[in-house]
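Keep in mind the model is a prediction, meaning the values are calculated, not measured.
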Amino acid sequence: MAVTTTKILRLTFATAGGKTFSITIPDPKVNLQQADAETVMDMIIEKNVYITTSGELTGKRDIKVINTSTEDLYDPPQL
């Protein structure tokens with residue numbers, strides 16, 4: 001039984017159609033600062049990197065670093 005921990009960075013944007021669009025980045029650097037993430041988001045918006053089904057990205061909505069722990073309680077027998 002193993003416990004695994006994962007960390008992701010979720011960048012959430014507003015779209016022209018009034019919806020949200022999120023980008024998930026695995027294993028963000030340990031010393032990531034809010035200003036660094038905002039700079040990247042500004043660049044993504046400015047360069048129109050993504051066009052979604054609800055239009056282009058128009059603004060920043062949220063920045064989260066999410067830690068998840070998973071405890072594997074059962075492993076099937078190896079044949």
(message) Does either side chain, that of Thr12 or that of Thr20, offer a donor lying less than 3.5 Å from an acceptor on the other one?
(response)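 The answer is no; no qualifying pair exists.
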
Student check: side-chain heavy atoms of [X] and [Y] closer than 4.5 Å:
| X | Y | answer |
| --- | --- | --- |
| Val30 | Leu32 | no |
| Val49 | Met43 | no |
| Ile63 | Arg10 | no |
| Leu57 | Thr52 | yes |

(request) Please name all residues satisfying side chain to side chain contact (heavy atoms under 4.5 Å, CB included) with Thr39, sequence neighbours left out, ordered by chain then number. (result)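 Testing Thr39 for side chain to side chain contact (heavy atoms under 4.5 Å, CB included), a comparison that skips the adjacent residues, returns none.
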
(message) List the residues meeting side chain to side chain contact (heavy atoms under 4.5 Å, CB included) with Ile25, not counting sequence neighbours, and say none if there are none.
(response)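 Partners of Ile25 under the side chain to side chain contact (heavy atoms under 4.5 Å, CB included) test: Leu9, Leu11, Ile23.
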
(message) Once side chain to side chain donor-acceptor pair (under 3.5 Å) is applied, do any residues pair with Lys64, and if so which ones, sequence neighbours excluded?
(response)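 Side chain to side chain donor-acceptor pair (under 3.5 Å) list for Lys64, sorted by chain: Asp62.
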
Given 3.5 Å as the limit, does a donor-acceptor pair link the side chain of [X] with the main chain of [Y], or not?
| X | Y | value |
| --- | --- | --- |
| Gln33 | Asn31 | yes |
| Thr58 | Ala14 | yes |
| Thr15 | Lys19 | yes |

(message) Please find the pair of heavy atoms, one from Arg61 and one from Phe13, that lie closest to each other, and give the distance.
(response)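 Scanning both residues completely, I find the closest heavy atoms to be CG-C, 3.5 Å.
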
